[in-house]
Protein chains: 2
Amino acid sequence: MTTLSPSGPVAGQRKVRRATMNDVARLAGVSIKTVSRVVNDEPGVHPSTAERVLAAIDQLGFRRNLSARNLRRGSSTGTIGLVLEDVGNPFYSGVTRAVEEIARLRGRQVISGSSDEDPGRERELALEFCSRRVDGLLIVPAGLQHSYLVPEMRAGTPVVFLDRPAGDVVADTVLVDNIGGTVEAVTHLASHGHRRIAFLGDAPDIFTANERLRGYREGCVRAGIGYHEELVAMGPHDESSVATTLQRLQSIREPATAVVAGNNRITVHILRALAGTAERPALVGFDDFELADLLSPPVTVIAHDASALGKAATDLLFARLDGDNSPPRRVVLPVRLVPRGSGEVHA
Amino acid sequence: MTTLSPSGPVAGQRKVRRATMNDVARLAGVSIKTVSRVVNDEPGVHPSTAERVLAAIDQLGFRRNLSARNLRRGSSTGTIGLVLEDVGNPFYSGVTRAVEEIARLRGRQVISGSSDEDPGRERELALEFCSRRVDGLLIVPAGLQHSYLVPEMRAGTPVVFLDRPAGDVVADTVLVDNIGGTVEAVTHLASHGHRRIAFLGDAPDIFTANERLRGYREGCVRAGIGYHEELVAMGPHDESSVATTLQRLQSIREPATAVVAGNNRITVHILRALAGTAERPALVGFDDFELADLLSPPVTVIAHDASALGKAATDLLFARLDGDNSPPRRVVLPVRLVPRGSGEVHA
DNA sequence: CTGGTCACGGACAGCGTTGTCAGCTCGAGG
DNA sequence: CCTCGAGCTGACAACGCTGTCCGTGACCAG
């Protein structure tokens, strides 16, 4: 890391007090209310007056204080809060982007934070956002306790849960068809002759992980290949534990010939563990990811759309803000199997 | 998309007025000031009084209004603004994550927005954040005009530019070593025998694209293979135009045997265009990306760390908030070439 | 010239909170 | 008994802005 000092003038000297409407009014020789009118494009100001005011605003670099405005007006702060698991995860950054997009169209700013799967952190973020009086809240739940939100909801802050349902409050929720997805994955693999299909999922206390496991089980039963405890591993999270698990699955008495991965990170860990291995099991991953089609073999996935999820949730939120007070809805977005090769390997 | 109605009680009835400190004070039988003291953990409140107040807070679901607090206190709003190009891009979502992380440690919330490379949008976002009186601003510049920030900087809002420098204000800036990176890429390819090395970059009005082009040129000269206009293409942005460009580069009189890609998106477009092609040029991409090591051949890249960029910029910002008023700094983060195979193909 | 309307500008209060400062009670010390 | 300080509590103003409401002067009809 190198550090260079620039030459030339420095833009900021030191701490000039910020101009207020009062300063603008004084400079323009009008009352503060007139400045307010100009700033808010209210009618009833003579053009020449308005011009003087605008000149003063420009000269002083005035920027109205939204804290004061929001306090006074009491209604909308023009912000919505987004609590997710990790912005760094491409799936959630896709969600974030979609949320931002729609919020922008509706003149709102997005405040977001990552819970890192920590319920305490989720709560902290959500309540912090409430203190800032966000107009609405989008939450990817980390925990199962959401009664802390009841006072906020009662006070009129709409809340939409996405990707996972809330634990103990009834509220709008947008999910993807987790069960249907893994059912389809197993069906697909079975139709290619696999009878020993393993499932590698996240910790089972995570809603999506559990649902996907249920789908896997149902898929196995439907395909007539039965559900076998020893083919399931929930929880392996990092690369090495995934590798170990894979080895085990391939060295048991009747080894797995195919694997269903419970989410995008697990899929990637599996791919890395498999790299350079001769004996590759067939693979179907939950969540699509960039470049899946360029790997060899290309990776078959259960795809669902991060931006569709974000959009559906945000649309729901804005419907509430627009006054929709019908009973809470639960929206389930479809998933689709994208066959690319890795799941079409014959047993 | 299916919609289900849940059973059970609905958490939020309708619009109860939000409790204020006054309500809490009345219920607890104390003055509003005492409530304030309890909420702010100020000393000098009798434990039993505090308990009464806390009970009232709980009963009413009181949550203090930060707009009012910020207005009254005038100092920090506990927020920092982040303007980037697109949160959906994994590179920037990595930056976002790092910023969030450090902000969290310092008790700040992050408000972010995507400019989509539109200078007007960048300005709008930055000024909106200023209206919200963010404590500091992190900006990935979309344009070259930043004098609009001068009043804000003068008023004491520190600004740090990242990834690209500002156009016309002198301020803290964190960059990566773009020139060094492409010099190294070209050197690497030349050392493997390539003499016809092409460069595919972003539009040349983007700072990083231009710098990388400069590095490419310098690398060519240093490697003694000369700079050839016809081997450079700036601007192709989508998959099809990249494919067309590649075809052209491979069908000219002395075809390119190697390509340097100007950023991660271009690298991916190239990979896709090349998929299934027999005659693959050697490739070095700027920006690392997930799974680059699992492609065949694995992709050699100029790697730099999104989180290092975010961290450096945020650290700089907080140093300013802590009172550092030394002259603006320009920090250049190193890049490193990660050889993986695609750049080691012999000509 | 008068009375009424209209366009414009301004005084004032108050949003929910916190900083200042003053008051009150209680017990120890004189 | 009074004094004094420590410990606790509260009254009040003010942060920057906007909604309400009133005042002023211009203009026009009668």
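All values reported here derive from a predicted model rather than from experimental measurement. Below, chains carry the letters A, B, ... as their sequence lines are ordered, and counting in each starts from 1.
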*Is a side-chain N or O of A:T173 found less than 3.5 angstrom from the main chain of A:A171, in a donor-acceptor match?*
yes
*Counting distance only, does the side-chain N/O of A:Q109 pair as donor-acceptor with the main-chain N or O of B:I111 below 3.5 Å?*
no
Euclidean distance, atom [atom1] of residue [X] to atom [atom2] of [N] [Å, nearest integer]:
X: A:R26; N: D:dG16; atom1: CZ; atom2: P; answer: 11 Å
X: A:R133; N: C:dT17; atom1: CZ; atom2: P; answer: 7 Å
X: A:N22; N: C:dC12; atom1: CG; atom2: P; answer: 13 Å
X: B:E42; N: D:dG10; atom1: CD; atom2: P; answer: 14 Å
X: A:R17; N: D:dG16; atom1: CZ; atom2: C1'; answer: 11 Å

Kindly indicate whether the side chain of [X], heavy atoms from C-beta on, has any atom under 4.5 Å from the side chain of [Y].
X: A:R69; Y: A:N40; result: yes
X: B:E122; Y: B:V140; result: no
X: B:L137; Y: B:C130; result: yes

*Check whether the side chains of A:R18 and B:T157 place a donor and an acceptor atom closer than 3.5 Å, and report yes or no.*
yes
*Do A:N22 and A:T20 get their side chains close enough for a donor-acceptor pair, meaning under 3.5 Å?*
no
*Could you check B:D322, B:D315, B:D135 and say which one makes a salt bridge (charged side-chain N to carboxylate O under 4.0 Å, His left out) with B:R106?*
B:D322
_Sugar-phosphate only, base, or nothing, as touched by B:N40 at under 4.0 Å among non-hydrogen atoms_ = sugar-phosphate
*Tell me what B:S36 touches on the nucleic acid: a base, only sugar-phosphate, or nothing, going by heavy atoms under 4.0 Å.*
base
Restricting both atoms to N or O, compile the protein contacts to nucleotides 6-9 of chain D shorter than 3.5 Å, with distance only.
| unit_1 | atom_1 | unit_2 | atom_2 | d |
| --- | --- | --- | --- | --- |
| D:dT9 | OP1 | B:T49 | OG1 | 2.3 |
| D:dT9 | OP2 | B:H46 | N | 2.8 |

*Tell me, which of residues 57-73 of chain A have any heavy atom that sits under 4.0 Å from an atom in DNA chain C?*
A:L71, A:R72
*Does B:I32 or A:M21 map to a spot on DNA chain D nearer the 5' end, using the closest nucleotide for each?*
B:I32
_B:R108 CZ to B:S76 OG distance, which is reported to the nearest 0.5 Å_ = 4.5 Å
